[in-house]
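Side chains are part of it too, since the values below use all heavy atoms of this structure and drop only hydrogens, waters and symmetry mates.
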Amino acid sequence: MAATVATLVNPTEQDADRCGSEEESRGAEAEEDSGQQQTGPAATATAATHSRLSKLPLARIKALMKTDPDVSLASQESVFIIAKATELFVEMIAKDALVYAQQGKRKTLQRKDLDNAIEAIDEFAFLEGKISNDFKSC
C-alpha cells in the first residue's frame with residue numbers, strides 16, 4: 001500500500017518542467033551552499049530560480065511572514081526556505097491522510113482523513129485542537 005501512496009503523490013513530468021531541470025536545481029543548491037550574498041543581476045537570477053523551484057507563490061509567503069509583528073524584513077532565501085518547508089509539510093500530511101482515504105476505499109481526501117492522520121501521527125500533535133470546524137462548508 002505504501003508504494004501506491006508514493007506513486008500517487010509524486011510530481012508529474014509537467015511539474016518537473018515547471019520547476020526547472022535537474023541541472024538548474026543542482027546549480028541553485030551550489031549557489032546556496034556557497035554562502036555568499038549576491039547583488040545585482042545575479043541576485044535577481046537566484047530569486048527567479050527560487051520562484052521556479054517553489055510551487056507556492058513566494059510573494060504571498062513573504063506577505064504572510066510579515067504579518068508577524070516580530071518580522072520586519074525577510075530575505076528571498078528565508079522566504080524560499082519557508083515555502084519549501086510548507087510544501088514538504090503539506091506533502092507529508094497529504095500522504096498520511098491518503099492512507100486513511102485508501103483504507104476507506106476512496107481516492108478523495110476528506111477532513112476525517114486529515115483528522116485521523118493528525119491524531120495518529122505524533123509529528124502532527126501540535127495541530128490537535130487547532131483546526132476549527134469553520135471549514136466544513138468548503
Please assess F80 against L53 for the test side chain to side chain contact (heavy atoms under 4.5 Å, CB included), listing each intermediate value before the final yes or no. CA-CA 9 Å; F80 175 74; L53 294 175; 3.9 Å; yes
Test log, rule side chain to side chain contact (heavy atoms under 4.5 Å, CB included), inputs E123 and M92: CA-CA 10 Å; E123 293 169 336; M92 184 176 171; 2.3 Å; yes
Return a table of donor-acceptor pairs under 3.5 angstrom between the side chains of residues 56-66 and protein atoms on other chains or two or more places apart.
{"residue": "K62", "atom": "NZ", "partner": "A74", "partner atom": "O", "Å": "3.3"}

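- Linking Ile, Leu, Val, Met, Phe, Trp and Tyr residues whenever their side-chain heavy atoms come within less than 4.5 Å places V90 and F126 in a single cluster.
- With sequence neighbours left out, the side chain to side chain contact (heavy atoms under 4.5 Å, CB included) criterion links D68 to D70, V71.
- Across every non-hydrogen atom of A97 and D113, the tightest pair is O-CB, 3.5 Å.
- I93 pairs by the side chain to side chain contact (heavy atoms under 4.5 Å, CB included) definition with F89, L114, I118, F124, L127, not counting sequence neighbours.
- Applying the side chain to side chain contact (heavy atoms under 4.5 Å, CB included) rule to K112 yields the partners R106, Q110; only residues at least two apart in sequence or on another chain are considered.
- Other residues, nucleotides and ligands contribute only 12 or fewer heavy atoms inside 6.0 Å of the CG atom of L73.
- By the side-chain hydrogen bond (donor to acceptor under 3.5 Å, both in side chains) test, T86 is found to be paired with no residue, residues two or more places apart in sequence or in another chain being considered.
- Residues meeting the side-chain hydrogen bond (donor to acceptor under 3.5 Å, both in side chains) test with E87, sequence neighbours left out: S54, K84.
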